Each structure stands twice: as structure tokens, then as C-alpha cells.
Amino acid sequence: MLSVQNLFKAYETRSGEPTGGAFDISFEVARGELFTLLGPSGCGKTTTLRSIAGLETPGSGVIELDGAPLFNGASQVSVPMYERDIGMVFQSYAIWPHMSVFENAAYPLRVQRRNRPSREEIEKRIMRVLEMVGLAKYRGRSATQLSGGQQQRLALARALAREPKLLLLDEPLSNLDAQLREQMRAELKRIQSEWGVTTVYVTHDQAEAMAISDRIAVLNQGRLMQLGSAEEIYERPTTEFVAGFIGRTNFFTGRLAEASVDRSYGVVESAIGPVRCWFHKAAPSGAAVKFVVRPENVECARMSAGHENTFEGNVVSRVYLGDIAEYTIRVSEMDVLVRAHPSVALSPGDATPVYFPADRTIAICE
């Protein structure tokens, strides 16, 4: 449905110093997919979204929607924003305070330049979207009398009222408190799935992205670092940035004992000993390697000594967090973070074996 190829948009200060942008970004979004652009502030995610919407003009690249060009730098095609079949929800919602809930949602249809629906069709379509977002009973209420969550729903209803081919969401939940944000992200996913609209979602919140996305593109400093499902990105990070940005992890360094092939296993010599790791790409013997293992994938007090990827350690600290216990275990002068069930009975000072499952110990060769 959406194709973005080699998108380039750079920003500079008045003195010519680069200040960010999007550099050679490429991805495709399938029909009906919820695709998320994830990354820290200044990574290029909003620049990419605004380029798709037509709010920014890229320096080069190609953007196509359902096979039709929206932008092509080589042929100098740039479809105006108002002619793109796109609905957008901004971070600020941009709700009209002097209009009712119904009139806010109906506004895009009333000002539509082409194929403007009849009054009866507008009534039917707006009530349909208001029903879907749970605001039908508030149709006559002033928009200023809505809660933050209701305003977010209204902004979504207004974007969907035009029945766009593509829906763009720019950090729509960032103004909500933590508990309401969790509720609304589930609602957003439900509405998007029921409506079946192809959606590009922008956020800096890793948990939010993992909870709602079909696929995630992780960006950093204007470049695409990794693209895949939430499981792929979390369990199989391909760069140090992605491993550190998505959740918590343990980092180690070493050298590859012998050449590895892609999507297979290899042994890395490290400060804690030889560690068998999973490699997403081939690497030569002796290559410098970083490898990571998530705290919840480290096992302790279970494996017998001498098992592959098992090392002797001593408990430094234990923090009880209710559903888990978080341990710091020192192995060969290195601290390993471990998350275990509270039933694991270890105390500071205890000796314990620590086991890294090879299929969850991921080598990173950048």
C-alpha cells in the first residue's frame, strides 16, 4: 500500500551545520498493516511521517501510495498535501474548541474539495466512526468538555471520517497519563484492526510500539537501524543501538574463535570465558564481537556446573519487584543483570551458576 524508497530530507542551521533529518530511509507497508516508526527524539521518524503526509518536501527519494506517486525527486513529482488520500492525527489533537463533537469529526468532509458527500452521507459516516470510537452519545457536546482520552478518540474519528487509504499517527498518546495511555493503545489497535486502514504510527515509547505494531522500523540519527516484528527486534537485535534501546540487556565483548556463517552459532572468547552465541550474519575468525543476553533469558540456580555457557558467579544484590526478582550477579569481575521468578531463593553473597542459553545470546557484528 505504501512504498518509501531512499527518502532523504536534511535540516541545517543558518551556518550550514547539519541538525538532523532522514537519510536514505526505505520501507514498504502492506495493506491493513499497523507499521511503527520508533526511535529517540531527533531520529527522523516525524520527518519521515511529515514527508509522507506532504507537510515536508524531501530532497530526494520516492513515496508511492497504492501504486500512485506522492513524491518523486527525480521526476519532480510532489502531490499537494490536500490531494493525498491520507488522514492524520497530530500529537496536539488539533480539536476545534468552538465546535461540537459531531462537527469536529464532520469538518474534513464538509470542506472536501472533490466528491463532497451529501448531508445524509455525512451523517451516516460520522455516526459510524463516532460509534466505533465510543463517542456517539457525546455528538452534541462541546469538544472542550471532553477528557484527554476522549479528545484523542475524537481526533482519530475525524481522521477516519474521510475513509483514507492511509492513516498517519504522530505520537497520539504522548499527552495522556500512563494508565490511560495503556488503555488507549489497546483501543487504537482494536479500531485500526476493525477499520482495516493501513497505518503508520510514530512513537518513542518502546512498550507502546511493541504492544500495537505488526512491524517496527527502528530509527536512529536519521537512519533505519532494523525492521521487523516486535519479537524479531527484541529477541534478535542486529545492532548495538537496537539492543540497548529496546528493553534492558547485558552487553559483553570478545573475539570470534572461528569463522561463523549467517543465522547460525559461533563461539566468542570473552572475559567470562567462551560463550556460544547466535549470529545473524557471517563473521571471520578473530573478529571483534559484542554479544547481548536479556536479563529474563539468563538462568541461575538451575543448571549444573560444566554445562555449555555456564559460569560461576556470586550474588551482589537482590531487588524484589513483585512479579519478578532482579539480581545483580558478578561473574569474573563483570556484573550480570538477571530477572527471575521470586521463588528463586538467592541472597547477596550466595554462589550460583549462571547460564546463557545459546539461542538467546545474540552476537552483534557491526
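Worth saying up front: this structure is predicted, and the values here are computed from it rather than measured. Side chains included, hydrogens not; waters and symmetry mates left out as well; all remaining heavy atoms used.
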* Asked: Side chains of Phe71 and Ile52: closer than 4.5 Å at any heavy-atom pair?
  -> no

* Asked: With a 4.0 Å cut-off, would you call Asp214 and Lys189 a salt bridge?
  -> yes

* Is Asp335 paired with Arg330 through a side-chain N to carboxylate O contact shorter than 4.0 Å? -> yes

* Taking side chain as C-beta onward, heavy atoms only, is His204 less than 4.5 Å from Pro40? -> no

* **Residues which pass side-chain contact (heavy atoms from CB on, under 4.5 Å) with Glu187, listed by chain and number, not counting sequence neighbours** => Arg153, Met184, Arg190

* **Lys/Arg N to Asp/Glu carboxylate O, Arg110 vs Glu103, below 4.0 Å** => yes

* Asked: Do Met127 and Phe102 come close enough that some side-chain heavy atom pair is under 4.5 Å?
  -> yes

* **Distance under 6.0 Å and angle within 45° of ring axis: Arg215 vs Phe35** => no

* Asked: Is it the case that more than 12 heavy atoms not belonging to Lys290 sit under 6.0 Å from its NZ atom?
  -> no

* Evaluate whether atom CD of Glu83 has more than 12 neighbouring non-hydrogen atoms of other residues, nucleotides or ligands under 6.0 angstrom away. => yes

* Tell me whether Ile122 is reachable from Tyr107 by hopping between hydrophobic residues (I, L, V, M, F, W, Y) whose side-chain heavy atoms are closer than 4.5 Å. => no

* Can a salt bridge be assigned to the pair Arg50 and Asp170 using a cut-off of 4.0 Å between side-chain N and carboxylate O? -> no

* Asked: Charged N to carboxylate O under 4.0 angstrom, Arg255 versus Glu269?
  -> no

* Can you find a heavy atom in the side chain of Phe291 that is under 4.5 Å from one in the side chain of Asn250? -> no

* Asked: Do Glu171 and Thr203 get their side chains close enough for a donor-acceptor pair, meaning under 3.5 Å?
  -> no

* To do: Please check if atom CD in Gln76 has more than 12 non-hydrogen atoms from other residues, nucleotides or ligands closer than 6.0 Å.
  => no

* **Check: Ile362 and Val293 side chains under 4.5 Å, non-hydrogen atoms** => no

* Straight-line distance of Gln152 CD to Leu169 CG, nearest 0.5 Å -> 8.0 Å

* Asked: Using 4.0 Å as the upper bound for N to carboxylate O, is an ion pair formed by Glu123 and Arg139?
  -> yes

* Under 4.5 Å between any side-chain heavy atoms of Val319 and Tyr327, yes or no? -> no

* Asked: Under a 4.5 Å cut-off applied to non-hydrogen side-chain atoms, are Asp262 and His280 in contact?
  -> no

